[in-house]
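Within every chain, numbering begins at 1; the chains are lettered A, B, ... in the order of the sequence lines, protein sequences first and strands thereafter.
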Protein chains: 2
Amino acid sequence: MIGSAATSPPSGRRELRRASRREAILNVAQRSFLERGYAATTMNAIAAELGGSKGTLWSYFPSKEQLFAAVLDRATASFRELVAVTLNPADPPERAIRSFCRRFVERICSPEAIALYRLVIGESQRFPEVGRIFYERAPAITRKIMADYLAGAAERGQLMVTNSALAAEQLTHLCLAGMHQRAMLGVIDSPSSTAIRAEADNAAGLFLRAYG
Amino acid sequence: MIGSAATSPPSGRRELRRASRREAILNVAQRSFLERGYAATTMNAIAAELGGSKGTLWSYFPSKEQLFAAVLDRATASFRELVAVTLNPADPPERAIRSFCRRFVERICSPEAIALYRLVIGESQRFPEVGRIFYERAPAITRKIMADYLAGAAERGQLMVTNSALAAEQLTHLCLAGMHQRAMLGVIDSPSSTAIRAEADNAAGLFLRAYG
DNA sequence: TCATTACCGTACTTTATGGTATGATTTTCT
DNA sequence: AGAAAATCATACCATAAAGTACGGTAATGA
């Protein structure tokens with residue numbers, strides 16, 4: 001066993017246990033950060049909810065800031081998957097875009113998505129890299145997918161799109177126009193699925209009238 | 001001088017001084033809240049920057065929460081004026097809408113507007129009325145003005161708008177699609193005026209292609 | 001088996017902060 | 001001038017939260 005990856009051997013009982021404990025900590029911390037924000041989340045509360053002792057918590061994450069960074073790292077990564085939406089170039093563009101909008105609005109208005117968005121925006125002043133990382137991982141990627149699709153549709157003569165990156169930005173933001181903004185500001189709680197459908201269809205409708 | 005308004009006599013040296021002191025406190029507090037957020041703003045720092053003593057500060061605002069509420073009250077009120085934009089029904093609609101978008105994007109992307117928006121969103125979880133008050137005072141009013149204009153333009157046969165409230169929501173949100181989001185997330189700092197013009201013209205262009 | 005490593009419980013330290021108390025000083029009103 | 005109100009400087013209080021220390025106990029690996 002000479003060269004068996006001294007730094008990161010994937011198995012071994014201890015490493016497994018350690019990894020799962022780390023996950024448990026991140027789960028508890030994420031819930032707390034998302035529902036209470038950074039300042040109102042206390043390490044004590046996390047340790048208490050975790051059941052273990054404070055020393056253990058600090059042995060995994062040596063400071064609150066580092067725990068926060070790890071939580072955001074994981075949350076934004078999974079957020080990217082949450083809002084990743086498939087676009088089928090074989091469908092007629094009206095259909096593909098409408099179905100994209102429905103799924104996108106639904107996911108972006110979910111309570112977890114709203115909470116994460118709030119947290120990121122609220123803390124992006126004090127932790128500037130938080131906003132940038134989130135931007136690259138979520139909105140930028142979604143828009144890239146949409147822009148590629150739109151460029152393809154334009155090439156196939158299905159849409160009159162010249163600047164596909166701009167059009168993608170416009171479409172995805174049209175999906176945030178109504179309920180998402182109200183949800184962010186706490187004006188509404190969690191929108192019904194019929195309201196979501198209507199919202200998405202409005203966004204797609206405007207976009208298709210302009211570029212169809 | 002029998003009935004000279006016992007509760008709120010506008011002048012009198014003491015009242016004037018008191019009012020101006022209150023303004024000074026709100027100015028200092030607003031700067032701090034906007035640039036550091038609620039939690040990271042300390043009453044000590046405000047008192048120190050103010051120059052006076054702590055007792056005086058507390059004699060004006062008996063708690064940090066009440067000071068915060070007063071700051072937000074004033075800030076959202078002035079924000080409403082900041083983004084209030086005139087729409088001239090005598091102009092051709094392309095011109096009116098394009099000029100609205102330019103001014104709107106410019107104001108909404110100003111550093112103060114971004115900071116306020118961030119603060120409101122970040123704290124709307126712990127102080128739910130903050131988000132609601134802001135919503136009513138800023139986005140809702142702007143949209144109402146726009147919706148009224150669009151309804152008039154539709155009546156005059158200038159635009160093909162059926163749901164003016166929805167169309168207003170879409171237009172104002174199109175103005176936030178690009179730089180505003182990036183500014184909120186700290187991806188860019190403060191956009192140039194040429195970028196603002198381009199952004200606004202894109203929003204107006206899409207809208208007019210769909211409804212023109 | 002036995003050394004090692006991780007974990008537990010709990011008490012502790014340190015620092016920061018919202019808020020209070022007080023006695024002296026200045027400003028305002030009559 | 002002189003009473004009343006406001007302000008100042010400063011010391012103080014209570015609490016809360018991040019982070020540390022430590023002795024004992026359970027799990028892990030050879």
Identify the pairs formed between an N or O of the protein and an N or O of nucleotides 24-26 of chain C at a distance under 3.5 Å, and give each distance.
none

Using salt bridge (charged side-chain N to carboxylate O under 4.0 Å, His left out) as the criterion, list what pairs up with B/Arg98, not counting sequence neighbours.
-> none
Every protein N/O within reach of nucleotides 26-30 of chain D N/O, cut-off under 3.5 Å:
{"from": "D/dG29", "atom 1": "OP1", "to": "A/Arg13", "atom 2": "N", "distance (Å)": "3.0"}
{"from": "D/dG29", "atom 1": "OP1", "to": "A/Arg14", "atom 2": "N", "distance (Å)": "2.9"}

Rounded off to whole Å, could you give me the CZ-to-P distance for the B/Arg18 and C/dC29 pair?
-> 13 Å
Report the residues that fulfil ring-ring contact (aromatic ring centres under 6.0 Å, His included) with A/Phe100, sequence neighbours left out, ordered by chain and then residue number.
-> A/Phe104
Might you point out which heavy atoms bring A/Met179 and A/Glu199 nearest each other, and give the distance in Å?
-> N-OE2, 3.0 Å
What does the list of N/O pairs under 3.5 Å between the protein and nucleotides 16-20 of chain C look like, with a distance for each?
{"from": "C/dG18", "atom 1": "OP1", "to": "B/Thr41", "atom 2": "O", "distance (Å)": "3.3"}
{"from": "C/dG18", "atom 1": "OP1", "to": "B/Lys64", "atom 2": "NZ", "distance (Å)": "3.2"}
{"from": "C/dG18", "atom 1": "OP2", "to": "B/Met43", "atom 2": "N", "distance (Å)": "2.9"}
{"from": "C/dG19", "atom 1": "OP2", "to": "B/Lys64", "atom 2": "N", "distance (Å)": "2.9"}
{"from": "C/dG19", "atom 1": "N7", "to": "B/Lys54", "atom 2": "NZ", "distance (Å)": "3.0"}
{"from": "C/dG19", "atom 1": "O6", "to": "B/Lys54", "atom 2": "NZ", "distance (Å)": "2.5"}

Is there a side-chain contact between A/Val85 and A/Ile145 (heavy atoms, below 4.5 Å)?
-> no
For B/Arg103 and B/Glu106, run salt bridge (charged side-chain N to carboxylate O under 4.0 Å, His left out): C-alpha distance rounded to whole Å, both residues' side-chain angles, the deciding distance at 0.1 Å, then the answer.
-> CA-CA 5 Å; B/Arg103 266 181 273 181; B/Glu106 187 179 8; over 6 Å; no
May I have the distance from B/Leu16 (atom CG) to C/dT27 (atom P), rounded to whole angstrom?
-> 17 Å
Below 6.0 angstrom between ring centroids: does that apply to A/Tyr117 and A/Phe134?
-> yes
Distance in angstrom units between B/Ile25 CD1 and D/dA6 P, rounded = 13 Å
Can you tell me if the side-chain N/O atoms of A/Ser53 get under 4.0 Å from OP1 or OP2 in C/dC7?
-> no
Any side-chain donor near an acceptor of the partner, B/Glu65 and B/Tyr38, under 3.5 Å = no
For A/Tyr135, enumerate each residue passing the ring-ring contact (aromatic ring centres under 6.0 Å, His included) test, keeping only those at least two apart in sequence or located in another chain.
-> none
Steps toward salt bridge (charged side-chain N to carboxylate O under 4.0 Å, His left out) verdict (B/Asp73, B/Arg137) | CA-CA 10 Å; B/Asp73 195 66; B/Arg137 287 201 180 164; 2.8 Å; yes
To the nearest angstrom, the OH-P distance between B/Tyr60 and D/dA5 comes to 15 Å
Salt bridge (charged side-chain N to carboxylate O under 4.0 Å, His left out) between B/Glu15 and B/Arg18: does it pass, once the steps are laid out?
-> CA-CA 5 Å; B/Glu15 277 77 13; B/Arg18 192 159 178 87; over 6 Å; no
So does A/Arg74 pair up with A/Glu23, basic N to acidic O under 4.0 Å?
-> yes
